[in-house]
2 protein chains.
Amino acid sequence: MTSEALARALNTNPVVVRRLMGGLREHGYVHSEKGHGGGWTLSCQLDRVTLRDIYEALDAPRLFAIGNRSEKTECLVEEVVNDAMSGVLADVTAQLLARFGQITLAALHADFHQRLAARHAPATLCK
Amino acid sequence: MTSEALARALNTNPVVVRRLMGGLREHGYVHSEKGHGGGWTLSCQLDRVTLRDIYEALDAPRLFAIGNRSEKTECLVEEVVNDAMSGVLADVTAQLLARFGQITLAALHADFHQRLAARHAPATLCK
DNA sequence: TCTCATGTAACTTCATGTGTTGCTAGAGTG
DNA sequence: CACTCTAGCAACACATGAAGTTACATGAGA
């Protein structure tokens, strides 16, 4: 499948697709080929890759919209609040990643086919 | 304490302080007075207000940097992934808020004074 | 050699949060 | 009464980061 086609399906731009897929390629989840007839192919077993793997392959972007304004501070009040929040955020992050780590692509794939069957529709890409 | 003074302590602008404090005032955590000698005064018991209360008084700003691109979609793949992620995010959000709900301002206050004593420094605002 | 792909850098656009200005209104002071 | 000090508020400007776009290089088949 080409970046072009994926971009259309995802309502975005081929270059954006390449940027994202680049991370997946580096981890061996997909393979790309240049030139005529090239494009992207899956190169992993769906039951061995989780949402967490994907997240990390995508360079682990920021998860939270909240957080400390600065890591180090002179202000004792800020320090106290930072420490209180950091502790919670660290724990919650760990739990979130653990949960993502339990969701395999195979599970999503199965879910997809189940919903598809329920829709009595043929299997095509969104676009 | 005036917005002016708070802004200096927080390295920000008086108007920004008023915007934030406005939420706290609506919930009765602080009280404000105009005019000469006016400013902000605390009007709650520190042991009865938690970080969660503060968060909600501040209009519950976005917690996560990740999330669904769109709530409703025609795309079955997107739907499957959204549902998988939404479930995790909802759970994790609940846990985060629960944790915040256990951290009272009194606890932070106590922590502050403990650290202050350890520093052998007088109690003054950062700036 | 032409076309079709990815790879990549640089730039533009957009969204969101933060900061700033200017003005209003209320409250004490001289 | 005039003056000063304060919050309240709307409107605008700026900063940041994510997403989208353009342009060009490289590789591979036809």
Side-chain angles (χ1 to χ4, degrees), chain A residues 1-43 54-71 73 75 78 81-82 85 89 125 127, chain B residues 1-43 54-71 73 75 78 81-82 85 89 125 127:
Chain A
M1 190 150 196
T2 65
S3 307
E4 238 301 294
L6 279 169
R8 243 176 298 129
L10 296 169
N11 284 318
T12 182
N13 190 288
V15 178
V16 176
V17 171
R18 290 189 194 112
R19 273 210 284 258
L20 293 174
M21 299 292 276
L24 302 185
R25 183 186 52 227
E26 283 171 17
H27 286 253
Y29 302 146
V30 295
H31 171 74
S32 68
E33 274 191 77
K34 286 183 171 180
H36 215 113
W40 301 92
T41 47
L42 207 54
S43 63
I54 302 290
Y55 167 74
E56 280 161 1
L58 261 31
D59 244 27
R62 231 175 71 253
L63 280 179
F64 291 100
I66 62 176
N68 303 345
R69 293 196 91 173
S70 54
E71 237 12 271
T73 177
C75 176
E78 185 177 357
V81 177
N82 278 355
M85 301 227 317
L89 290 187
L125 258 194
K127 298 227 167 152
Chain B
M1 191 152 195
T2 64
S3 307
E4 237 301 295
L6 280 169
R8 243 177 298 127
L10 297 168
N11 285 317
T12 183
N13 190 289
V15 179
V16 176
V17 172
R18 290 190 195 112
R19 275 211 281 257
L20 293 173
M21 300 292 275
L24 302 185
R25 184 188 49 226
E26 283 171 16
H27 286 252
Y29 302 145
V30 295
H31 171 76
S32 68
E33 275 191 74
K34 287 183 169 181
H36 214 116
W40 301 92
T41 47
L42 207 52
S43 62
I54 303 289
Y55 167 73
E56 280 161 1
L58 261 33
D59 242 27
R62 232 175 68 250
L63 280 178
F64 291 100
I66 61 175
N68 303 346
R69 293 194 91 173
S70 54
E71 237 14 88
T73 177
C75 177
E78 187 178 356
V81 176
N82 278 356
M85 300 227 317
L89 289 187
L125 258 195
K127 296 227 167 154

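Chain letters run A, B, ... following the sequence lines, proteins first, then strands; residues in each count from 1.
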### Query
For residues A:E33 and A:T41, is any side-chain donor paired with an opposing acceptor at under 3.5 Å?
no

#### Entry: Nearest atoms (heavy-atom pairs only) where A:L6 meets A:W40
CD1-CD1, 4.0 Å

## Note on the structure
Separation of D:dA7 atom P from B:M1 atom CE, nearest Å, is 11 Å

### Query
Is there a side-chain contact between A:L24 and A:L58 (heavy atoms, below 4.5 Å)?
yes

### Query
What is the distance from CZ of B:R18 to P of C:dC23, rounded to the nearest Å?
16 Å

### Task
Looking only at side-chain atoms of A:N13, point me to the closest of C:dG7, D:dT21, C:dT3.
D:dT21

### Query
Which whole-number value in Å describes the distance from B:L20 CG to D:dC9 C1'?
15 Å

### Query
For the pair made of CZ in B:R19 and C1' in D:dA10, what is the distance, rounded to whole Å?
10 Å

### Task
Find the distance A:R62:CZ to C:dT16:P and express it as a whole number of Å.
13 Å

### Message
Whole angstroms only, please: what is the CD1-C1' distance between B:I66 and D:dA19?
### Response
17 Å

### A:R18 side chain reached by A:S32 side chain, heavy atoms, under 4.5 Å
no

## Note on the structure
To the nearest angstrom, the CG-P distance between B:N11 and C:dT18 comes to 14 Å

### Message
Can you work out whether B:P61 or B:V15 has the more 5'-proximal nearest nucleotide on DNA chain C?
### Response
B:P61

### Task
Please determine if a side-chain N or O atom of B:S3 lies less than 4.0 Å away from the OP1 or OP2 oxygen of D:dT6.
no

### Query
Rounding to a whole Å, what distance do you find between A:H36:NE2 and C:dT3:P?
11 Å

### Summary
Residue pair B:K34/B:R69 against DNA chain D: nearer the 5' end by closest nucleotide is B:K34

### Query
So, for A:A7 and A:P14, which heavy atoms are closest and what is the spacing to 0.1 Å?
CB-N, 3.4 Å

### Task
Using a heavy-atom cut-off of under 4.0 Å over every strand shown, decide if A:G37 touches base, sugar-phosphate, or nothing.
nothing

### Task
Considering just the side-chain nitrogens and oxygens of A:S32, establish if one lies under 4.0 Å of OP1 or OP2 belonging to C:dT6.
no

